[in-house]
2 protein chains.
Amino acid sequence: MNGAATREHIVEAADRLFYQRGYEHTSFADIAAAVGLSRGNFYYHFKSKDAILDAVIATRLAGTRHMLRQWENEHPTPSGRILRFVEIVLTNGPDIQQYGCPVGTLNTELAKLGHTMRGQARELFTLFRDWLREQFTELGHADQADELAMHVLAFSQGVAVLSHAFADEEFVRREVSRMRDWLSTYEK
Amino acid sequence: MNGAATREHIVEAADRLFYQRGYEHTSFADIAAAVGLSRGNFYYHFKSKDAILDAVIATRLAGTRHMLRQWENEHPTPSGRILRFVEIVLTNGPDIQQYGCPVGTLNTELAKLGHTMRGQARELFTLFRDWLREQFTELGHADQADELAMHVLAFSQGVAVLSHAFADEEFVRREVSRMRDWLSTYEK
DNA sequence: GTCTATAATGTGATAGAC
DNA sequence: GTCTATCACATTATAGAC
């Protein structure tokens, strides 16, 4: 098999498993089995578990940047873009209910482990934070744009944690509805 | 040493370590070292890691029930009691910043591990949920008491996750202030 | 690039002496 | 109740054949 393609398969499998089972709880053997490789061959592509995590986070960062640009194309207004973010807890509802928020759970886990890559995981949060701040600035709230961005981020994390714990879809809908009302008070 | 006292010491140490490092990342050796016991002697008191987790959750449940009764004694009005809950993210600010919410992070971790004790961990959330629902009912909002309780719980989890990730105390203060304003619209 | 074999370590857990 | 010694197993990681 092509080396680059194999590497890509490994990162994809690791990304999914880290999300579904957690980083620490996922072993090399799990990833190797998911890709269909022997454990030995694994080290030809990645020389440590941290190296895989590094690649996974880099992939997620790139994917998030791409998604945010897409949201910008699909929604011309800043309030429409913020609403698109808020609705991610509905769009990804089933995944969040089963596995939590991929950004929040990774950050929480790496922080507890005292992992060196904690800062890079936080960058995933920062991407959303900065993007939301830009939208609130464009909406005419430059003075409190970061505060509002953090508030929307906190909403998403609170909903994700409880959706994961209680598996209650109606709760998610109600919270999104609540957020829509709140957002409308900040529209131009 | 007295057997019951040793057992209590083990549960205390395990409780703290599970919170600070996570359940999976804490080994028998870690707990034994914290208590000052040999690994071998450990199994006289608890015959499996799950048994320790069981005891830790039971202790936390009892502690939470005790705390909620105390809050009821200290705050005569339902709005005062809800506010007391909201302010927990300030009271326990430093711990939450370093280790996250003990309830939220345990629930998230056990859910990802597919651990059998997941349901008992969720009970910790349910204690707060039911208690908050009672307060909102007493406040005259019986029809949407559970929805409001979940909203307040989501607030606490969102703030905890982001406080843990960004270590931003000012953010916590602002969110509490925002919550106080929101609460005031539901007061009698 | 892929494999098997294996090292080195840490883990949960047990046996048996004191 | 506490200890040492040890087992069985999974883990990350390496060496070397193909």
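Order of the sequence lines fixes the chain letters, A, B, ..., with proteins taken first and strands second; residue numbering starts at 1 for each chain. Quick caveat: nothing in here was measured; it's all calculated off a predicted structure.
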| query | When the distance from NZ of A:Lys49 to P of D:dT14 is rounded to whole Å, what number comes out? | reply | 15 Å

| What salt bridge (charged side-chain N to carboxylate O under 4.0 Å, His left out) pairs are there with at least one residue in residues 14-35 of chain B, not counting sequence neighbours? | B:Asp15-B:Arg60, B:Arg21-B:Asp30

| task | Would you please name every residue forming a side chain to side chain contact (heavy atoms under 4.5 Å, CB included) with B:Ala154, sequence neighbours left out? | result | A:Leu162, A:Phe171

| query | Under 4.0 Å between a side-chain N/O of A:Tyr44 and OP1 or OP2 of C:dG1, yes or no? | reply | yes

| For A:His9 and C:dT2, what is the distance between atoms NE2 and C1' respectively, to the nearest whole Å? | 16 Å

| remark: Here the salt bridge (charged side-chain N to carboxylate O under 4.0 Å, His left out) pairs for residues 83-109 of chain B, sequence neighbours left out, are B:Glu87-B:Arg180

| said: Can you measure A:Asp50 atom CG to D:dA13 atom P for me and round it to whole angstrom units? | reply: 7 Å

| task | Just jot down the side chain to side chain contact (heavy atoms under 4.5 Å, CB included) partners of A:Ala29, sequence neighbours excluded, or say none. | result | A:Ser27, A:Arg39

| Could you give the CD1-to-P distance, from A:Ile31 to D:dT11, as a whole number of Å? | 11 Å

| task | Report which part of the nucleic acid A:Phe28 touches: base, sugar-phosphate, or nothing (heavy-atom distance under 4.0 Å, all strands). | result | sugar-phosphate

| request: Kindly say if A:Thr26 contacts the phosphate of D:dT11, meaning a side-chain N or O under 4.0 Å from OP1 or OP2. | output: no

| note | note: A:Asp30, atom CG; D:dA13, atom P; distance rounded to Å ~ 14 Å

| note | side-chain hydrogen bond (donor to acceptor under 3.5 Å, both in side chains) pairs touching residues 155-168 of chain B, sequence neighbours excluded, are none

| request: Kindly indicate, with the supporting measurements, whether the criterion ring-ring contact (aromatic ring centres under 6.0 Å, His included) is fulfilled by A:Phe28 and A:Tyr43. | output: CA-CA 10 Å; A:Phe28 270 44; A:Tyr43 288 82; 5.0 Å; yes

| B:Glu24 has an atom CD; how far is it from atom P of D:dA10, in whole Å? | 14 Å

| field | Footprint string (nucleotides 3-10 of chain C, 5' to 3'): B base within contact, S backbone only, - free, heavy atoms under 4.0 Å | value | BB------

